[in-house]
J.: 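Input: one structure, supplied below.
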Amino acid sequence: MTDNAATVTDTNSRAGMYLTFGLADEEYGVEILKVREIICMMDITAVPKAPPHVKGVVNLRGKVVPVIELRTRFSMPTIESTEETCIIVVVVGTREIGVVVDRVSEVLDIAEKDIEDPPTFGTIVDTSFLIGMGKTEGHVTILLDITKVLDPNDIAGIA
Amino acid sequence: MATDNAPNNHKPAQRVDIPEALDGLAVAIDDCDVGNEEAFVKIGIRLEKAWTDLRVNGADKPVLELLKTCLQTLQQIYQKTVSDVQGAWDAVRDAIAAVEAVLGGDDSAADRAAAAGQAIQAVLQGDDVPAERAQQAADGEAEAPQAANAKGDSSPRAALCAIQDVSARLVAADPSDGDELKAILEDVHTLMDMTGLAAAASGHLTMVATQLETVIQGKVPDPQKTLDTMAGAIGTCADVQETFIEADGDDLAEASETTGEPDDDEAPEPAADAQTPEADTETYGPDGAATAADDKQPATEEPAEAKPASKAPPIEFPGPAVMGEDCDPELMKEFIIECLDHITNAEGALLELESNPEDNDQINVVFRAFHTIKGTSGFLNLDRIQTCAHLAENLLDRARDGEIRILGGYADLALRSCDCLRVMIEGLQGLTPGDDLTIPEDLSELLEILSDPEGAGYDEDDVDDTPMRTGDILVAGGKITREHVEQAETEKGQKHLGEKLLEDKAVKAKDVAGAIRKQKAQQQRGASSMAEGSVRVSTGRLDSLINMVGELVIAQSMVAQDPSVMSGQAPRLQRNVSHAGKITRELQDLTMSLRMVPLKGIFQKMNRLVRDLARKSGKKVKFVTEGEETEIDRNMVESLNDPLVHMIRNSVDHGVESPDVRETNGKEPSGTVTLRAYHAAGNVVIELQDDGKGLDRERILAKASERGLLDGKKDLSDQEAFMLIFQAGFSTAEKVTDVSGRGVGMDVVKRSIESLRGRIEVASKQGAGSTFSIRLPLTMAIADAMILRVGQETYLLPTVSIEQSFQPGAGSISTVSGKGEMVMLRGELLPLFRLHELFDVPQASTEPYESLLVVIEGDGHRCALMVDELLGQQQVVIKSLGRGMAKVPGVSGGAILGDGRVGLILDATGLLQLAEGRLDNEPEAAMA
């Protein structure tokens, strides 16, 4: 799966279906093929000694799945969960990981012409985990390469 | 049947025509001696031909029916499934005479014909289902002349007839009629045993037999089609056989028409496949073929090996030892699984035979195993496996005939064949065409021995007295004491134990009878459980099923606890919910049991081990297993193997003394090692008990102090002293044997038992033996855990690692350099760790005197763990924290709690490491 994604980005065919979600005021998108399911926010069991962005583990129909707080991962201030807070369960390689987001918006089919390469911000913002910027209906969706976001080399505590 | 044998001058025309084949048949039958096989077969051919012709001519239905009945009767006589042979014979003769008369225009003969039909039925009804009787009839009817040809009929012509019969039955068979199919299968097997069968035909038959079995088991989507295919295969088979007969120059009078040129491929390798191993290997030249073929009726009563062995050249294989190009990997995979199953069954049966050599069922199990392996491996061109299985089968065949008993050397030989086959078959795994096959070094030696066991000095000697199990049963039932049985055992002489005990008035006859019945029942239960069908399911699917059911239980309890259900305002809803709850719980129990397998398999393996060890060390050891039906998680069974092997080696090598030492000490020369399993308090207990010399406390203590393991401790209890043997590198054995004594072992045993979350204990009495008890949880997947609360978090702590919990009394806690805390518990100082500090849990109680201390033990270290409170005890299903999560120190996994949340399972060993690791860093802070 990871290999496929790499091929996809390499050949610049970034077009496809994206699940978009919101974090604070920003819209993000993640390849729909990497999304297993979306579940409502539930009690998360904290895991001691885990890095701060690892919120803990949840019970996904009898399976124990670790959950990442994306806000913390992106160094945004954390907020209390709301009615809209969701956990998107993504599949990275053979692992399932939950990602806490503020809200889930929609599924967008974004054409190649609507995707721009991520701008460079120098050292202010790390753009290595971005696929590109999707332009839709007047606003911008940040397309995430979720594999890199959850890259074990980047995140201590997730092996 | 053989329509090409039709006399040329026959003109099918009017119905009144008497087919030439029928003409004078009754007279021929009358003249024919039932035992004269060739004549018998000729009659059969004529009769069948007559029937075919009459059918073509459109004869009356009753006549056809009658002839068909006659044919079937002949067939049954031929298969020796008729008890009143002469009666049946006469009835057939009468019937045919009547048919002749009817066809000749004698109207009054119709009544005679009907009467004859009834007579045949009457004779046949005296018999039970033919298939089941076949064996008995073959063995038992010594007075019937054809019994001389008992099994494995010889002439190729007869084999051809049999093939054609099977073919006809197969075409007519109803795919849904299981009994009929089974009967056909039986016939195919009989056929395969015939010596007159062409080697090439035997391959086809093997295939047919296999397919037939699958049809019977209902595994085929379109049985009718499969049956047709099989009929086709049998047809080919008949052709092959016919060619074979031609090539043989074997000419039975009527079989005059040549069907074609002898097939060059088939002709040179006919020979008696079922009897001579060399047939498959083509080391026989044309001469060999001729000798084998001329010998139309090989003396089947002679031991199978006796014939070729003495002059047989060393067994050679034409093919290179590589995987054939044409092998089908799927087929191969199934072959491997199936054969390994068979070997396991055979081993079990062989061991059973040791104590009960007359048990025909067990002999048949072993025989069937070898037979099937022989058949399928031949089909797959695995000639080495085939030959080995074949020779082993011959050995068992002799046992089946009652010529030998599978004891002593023969048993060794059969077990060795099992091993050899297992090695070869396991070696097939994952091979691709062209890869080298695994050939055990001793294969050729084994094959030579198998060809002539007696010549190689193997026989049934070297047999220990079989243990009297009646006594065991009586003791177990509390009817009598073990001592009494043992005394009676020594005094009984030639008598049965039961008789002796009765004489002594020690037990009531009723009890003895009961015990013997129980013994029989056990044997039968063993047999019936084997017939139970099973399905292979991947463990992945099983695990997700178990997961889902677990979730279902939680979801159900959530519904059941919902206020609107609990309120009592909807009694019907409440009732339905509780009904659903009951079903859910049953479902859960059932799914849990899916993972469970009986310990029987592993116990059997140990049986084998004890046997081999005892032989190697020259000791006499009786191995008794009890409770082998106790079930345990299948994952654990595998991990249990190594520890048990270690322990049994120890027991046999160190525990049980050699026979002369035992006798000097006033014990029976043969020692007893008992492996026992039972459930106790939600655990499985496996006990290994021997009546050997026991552990030597003084030697252990001396050794321990020499190695500095005592830490200056004195006055150890026996239990503590014995536990020293589980220390690494500890061995009191004076000499190192190749079996044990190197001092690696017991510590490994202890560690692997602990990794299964179990405990091991030892009890011993010097001179009287020792008992090792392993206490294991029922399954690895489930743990008994205490639920504890710290702040807002709940954790699960496995009860196995908890020693006790207590509330510290005032002043019992002291600190070291103001930081490291210690608690005094019954005069013992324990380090105190606060779980909320270890795990940085907020809002936890920080006042130790108001909290609870739990003493945990892991890896030899102990400490007191401070928690807020204990919430209760629960059985939890252990799950990993997900592959996305790195190993968390102090946490071994997660479990789904009753409310659907995940609870973390604490790992005592990890916690202690975490805590002690923290202490290593602390001193600086403390000093700073």
Side-chain angles (χ1 to χ4, degrees), chain A residues 1-2 34-37 39-70 73 78 80-81 87-100 146-159, chain B residues 543-555 588 591 781 790-796 835-844 876-907 910-911 914 917-918:
Chain A
M1 207 152 201
T2 320
K34 299 224 164 115
V35 176
R36 164 70 39 97
E37 62 185 295
I39 51 179
C40 297
M41 194 58 187
M42 53 165 80
D43 271 343
I44 299 179
T45 304
V47 175
K49 302 275 161 190
H53 61 270
V54 177
K55 274 211 84 163
V57 287
V58 292
N59 166 21
L60 179 64
R61 286 191 307 280
K63 218 186 270 176
V64 179
V65 172
V67 174
I68 306 294
E69 168 91 81
L70 208 55
R73 171 78 179 101
T78 49
E80 281 293 303
S81 39
I87 300 174
I88 302 177
V89 180
V90 295
V91 179
V92 180
T94 55
R95 300 172 286 145
E96 289 181 347
I97 296 177
V99 178
V100 181
I146 198 73
T147 317
K148 286 197 182 132
V149 175
L150 305 175
D151 190 339
N153 297 331
D154 286 355
I155 308 176
I158 298 215
Chain B
D543 285 346
S544 39
L545 177 70
I546 292 169
N547 269 345
M548 298 311 268
V549 172
E551 283 299 287
L552 183 65
V553 171
I554 292 166
Q588 191 186 25
T591 44
V790 180
Q792 295 300 308
E793 302 289 338
T794 20
Y795 295 105
L796 298 161
L835 191 57
H836 70 92
E837 280 182 15
L838 291 177
F839 281 179
D840 301 320
V841 183
Q843 298 164 28
V876 292
V877 179
I878 301 171
K879 293 162 194 289
S880 86
L881 283 188
R883 272 182 289 183
M885 199 62 129
K887 180 145 179 52
V888 184
V891 174
S892 62
I896 314 292
L897 297 174
D899 59 1
R901 285 185 38 173
V902 180
L904 297 180
I905 301 172
L906 302 180
D907 155 37
L911 268 183
L914 178 69
R918 197 186 65 134

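Quick caveat, the model's predicted, so the values are computed rather than measured.
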J.: Taking all heavy atoms of B:Leu904 and all of A:Ala46, pick out the closest pair and write down the distance.
T.: CD1-O, 3.3 Å
J.: Using salt bridge (charged side-chain N to carboxylate O under 4.0 Å, His left out) as the criterion, list what pairs up with A:Glu69, not counting sequence neighbours.
T.: A:Lys55
J.: For a 4.5 angstrom cut-off between non-hydrogen side-chain atoms, does B:Leu838 reach A:Pro48?
T.: no
J.: Are the side chain of A:Thr45 and the backbone of B:Val902 linked by a donor-acceptor contact shorter than 3.5 Å?
T.: yes
J.: Any non-hydrogen side-chain atom of B:Asp840 less than 4.5 Å from a side-chain atom of A:Lys49?
T.: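 A side-chain contact under 4.5 Å exists here.
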J.: If I take atom NZ from residue A:Lys63 and atom CD from residue B:Glu551, how far apart are they, to the nearest 0.5 angstrom?
T.: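 Between atom NZ of A:Lys63 and atom CD of B:Glu551 there are 11.0 Å.
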